[in-house]
Amino acid sequence: MEIILADVHGFCFGVKRAVDGVYDAVKKGRVVTLGPVTHNKRVLAQMADAGVSVVNSVDEVSVRKDITVVLRAHGVAPHVYEELNEKGLKYIDLTCPCVADNQKLAKKMHEDGFVVIVAGDAAHPEVVGINGWAGDAAIIISSFEEVSNRKWDNRRKYFLISQTTFSAEIFDQISHLLHQNIKNFSVQNTICKATIDRQNACAQLAKKATKMLILGDTTSSNSKKLYDISRNLQKNTYLIENIADLDLKNFSTCDIIGITAGASTPPDAIKEAIKLMSEIEKNLNNAEVVEQESNETENFEDMLKESVTTLHTGQVVTGKVISIVNGEVMVDLQYKSDGIIQRGQFSENSDVNPSDEVSPGDEITVFVLRVNDGDGNVLLSKKRVDAQRGYKDIDAAFVSKEPLMGKIVEVTKGGLIVNIGGVRVFVPSSQVSARFTRDLSEFMGQELLFSILELDKSKRPWRIIGGRKELAAKLEKEARDKALEGLEEGSKVSGNVTSVAKFGAFVDIGGVDGLIHVTELGWGRTKKVEDALKVGDKVEAYVIKINRETGKISLTLKSVENDPWHNLLTRYPVGSIVIGKVVRMMPFGAFIEIEEGIDGLVHISQIAHKHVKHPEDVLSIGQEVEVKIMEIDTDKRRISLSVKQAIDMDYDDYDDDYDDDYDDYDDDGYDDAAPEETTEE
C-alpha cells in the first residue's frame with residue numbers, strides 16, 4: 001500500500017490565523033465567537049473544552065468587561081461592526097485578509113455604480129458578509145445554469161467576484177457565460193490562491209490514486225468541493241469527518257491511497273489519519289504473511305533481539321529507507337524501533353522533496369537527534385550529516401579561494417541566504433551581483449557560484465559570509481567579450497527586455513545588453529517606452545553601433561521591411577486623394593497622418609479655398625479629412641498635402657473682395673437688365 005498526502009492540504013492561512021487568535025484571546029479572558037470559527041466539529045469541540053462560547057448574533061452577547069468577541073475568518077457585514085460599537089463590546093477582527101480584500105472590492109464596485117455579482121453559496125457566512133459590503137444588493141450565483149435563467153439589463157454594468165473558497169472550474173463557466181449574456185461586464189477572480197492550489201493538488205492526486213480520502217466536515221464548503229473534484233476523477237472517493245468512520249474492508253495492500261483535507265481540518269486529524277492508514281497497511285501485510293507462512297514456527301521476537309543494534313544521540317549511522325510518507329522518511333536502523341527523518345530534517349532546502357531524492361531500499365547516512373521521541377521512534381537528521389560535509393568543503397574553499405556552488409533559499413533584509421553543501425551562508429546585498437539590484441527576490445531558487453569571503457569558526461554555528469561580486473563581474477566580462485566577438489553593425493539579433501527607462505529599453509542579446517533608444521522603437525512616434533516594450537518581452541532588433549571599448553551597443557527595431565516610407569510612391573502616387581487624420585497643429589498648418597508613421601503637412605494656404613487665419617479654425621485633432629498628395633520628398637521624408645485640392649470649391653465659402661451691388665448679377669455672368677449691350681466677351 002502506498003500512502004500519498006496532497007501537496008496542499010488542511011488549514012489555510014486565514015483559518016489558522018483565526019484559530020490561533022482564539023486561543024491567544026482565551027489566555028486573557030472569556031471568549032465568544034460570532035459564529036463557528038471553522039466548519040469542523042473536532043476544532044469546535046476542542047474550543048468548547050477551552051471555554052470558548054459560540055453565538056449567532058451580537059444581541060446574544062452580554063456586555064461584560066472580561067468578554068472578548070471574535071469575528072471569524074469568514075468576515076461580517078458592516079452593520080455588525082456598528083452593533084458591536086453601539087453595545088461597547090470589545091472585539092478582535094480575525095477576518096481572513098483575502099476575504100477583507102473581497103469586501104473592499106465589493107464596496108468599491110457598488111459605490112462606482114456596478115451591480116455586484118458574487119459566485120458562491122448564498123447561505124455561506126462569507127457571501128452574506130460580502131453582500132453587506134455591496135449594499136445588500138449583490139446577485140448571488142452558484143452555478144452557470146442560474147446565469148441562463150436570469151434576465152440581464154444591458155443598460156446597467158455588472159462586476160463579478162467570487163467566494164474565496166468557490167470552485168475555480170465553476171467560476172470560469174459562470175464568467176464565460178456572463179461575458180456572452182451581458183454587454184457591460186467586468187470580472188475579477190477573487191478565489192483564494194490557497195483554495196486553487198488545494199483544489200489542483202487534489203485533482204492531481206486523484207488521477208494517480210486508487211482510493212481518495214477527503215478529511216473534512218460535511219458542512220464545510222471547501223471540503224465538499226474537494227470531494228466533488230476528486231469524485232469526478234476517482235470514483236473511490238470518501239469524504240470522512242473522522243478516520244474512525246472509514247470502512248476498512250474497502251482497502252487492500254495493492255492500493256495507492258491519496259489523502260487530502262479541507263481548509264478547516266486541523267493538523268492532528270490529518271496526522272491521525274496517516275498514522276492509522278500506516279497501521280492498516282502493516283496489519284494487512286502481517287495478515288498476508290501469517291497466511292503464507294503459517295507453518296513457520298520461528299520466534300520473530302528472538303530474531304529481532306539478535307539483530308538489533310545500540311544507538312545514542314549524536315551518533316552518525318547508516319540505515320535503509322523503508323518508506324516515504326508525507327515527506328517523512330522511515331529508516332530501518334536494525335534497532336528495536338524504526339527511525340524517522342522529518343521533512344524539516346531531510347535537507348536545508350525546504351523545497352527538496354524526499355521522494356525525489358531517495359527510494360525504499362536505498363542506504364542512507366543519518367545523524368541521531370533523539371533515540372526516543374516519546375512515541376518510541378528514533379528521530380534522525382540527514383541535513384545534519386550534509387552540513388558536516390559542507391563545513392569541511394567551506395573550510396577548504398576559504399583557504400583555496402575556490403568558489404562553491406550554492407542555491408539561494410531565502411531573501412533577508414540585508415541580503416540572501418545561500419545553501420552551500422547543506423550549510424546556510426549569508427551573502428550581503430552588496431556582494432550578490434556586479435551591479436546594483438534593488439529586488440533580490442529575482443535570485444530566489446538560482447544555483448550560482450559563491451566565494452567564501454569570511455569564516456569565523458569561534459561562533460556556533462560558524463559565521464560564514466559569501467559573495468560573488470568579483471566573480472559575477474568576471475563572468476559578465478567574459479560573456480560580454482564573447483558576445484561582442486560575434487556582433488557586427490547591421491546584424492540582426494534577438495533577446496529579452498531586461499529593464500525599461502524613460503530614454504529607452506535595455507535588451508539582453510546573449511550575455512551583453514544593448515540599448516534601444518526611444519527614437520528607435522519604431523518608425524512612428526513613441527511617447528512612452530512602456531507603450532512599446534515591457535520587461536520580459538522578446539524582441540528582434542538590428543545593431544546600429546558598437547563601442548567595443550566600453551561594450552555599449554545601440555539597437556533599433558526599425559528595418560527596411562517595416563519602414564512605412566518603403567515603396568511609398570507606389571502606395572500614394574502624387575495627385576491621388578486619400579483619407580487622413582489630423583494629428584498636430586502648427587501656426588503654419590496642420591500635420592495629417594495618412595497611415596501609422598506617415599505624416600504629411602497641409603500648409604495653412606492649402607486648408608480651404610477661403611482665407612484661414614488659424615488652422616484650428618477649420619480643423620481639429622482627430623478629425624478625418626480627404627487630402628490630395630501634392631509632393632513627396634523621400635530623401636527628406638516630407639509630404640505636402642492639400643485639403644482644398646481634394647474637394648470641389650464651394651462658392652459660398654469663396655472669399656473675395658468683390659462687392660456685388662447689382663441685384664441682377666447672375667451666376668451665368670450675364671446682365672439681364674441690358675441684353676443689347678452684352679458683348680460676347
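Contacts classified as ring pair (Phe, Tyr, Trp, His ring centres under 6.0 Å) and involving residues 187-216 (residues at least two apart or in different chains) are not found. Sorted by first and then second residue, the side-chain hydrogen bond (donor to acceptor under 3.5 Å, both in side chains) pairs involving residues 3-21 (not counting sequence neighbours) are K16-D20. Identified under the side-chain hydrogen bond (donor to acceptor under 3.5 Å, both in side chains) test for residues 198-208, with sequence neighbours left out: none.
Shown here are the salt bridge (charged side-chain N to carboxylate O under 4.0 Å, His left out) partners of D395, two or more places apart in sequence or in another chain: K457. Residues satisfying the side-chain contact (heavy atoms from CB on, under 4.5 Å) test with Q345, not counting sequence neighbours, are I341, L369, S381, K383. For F426, the ring pair (Phe, Tyr, Trp, His ring centres under 6.0 Å) test picks out no residue, with sequence neighbours left out.
Of the N and O atoms on the side chains of S142 and D121, not one donor lies less than 3.5 Å from an acceptor on the other residue. Inspection of the E145 and S143 side chains reveals an N or O donor paired with an N or O acceptor under 3.5 Å.
Ring pair H39/H124 is tilted by interplanar angle, where 30° to 60° counts as tilted.
Between D393 and R389 there is no salt bridge, since none of the side-chain N atoms of the basic residue sits less than 4.0 Å from a carboxylate O of the acidic one.
Just one of N222, I161, I174, I196 meets the side-chain contact (heavy atoms from CB on, under 4.5 Å) condition when paired with F166; it is I174. A side-chain contact (heavy atoms from CB on, under 4.5 Å) with L440 is found for one member of I408, V427, V411 and no other, namely V411.
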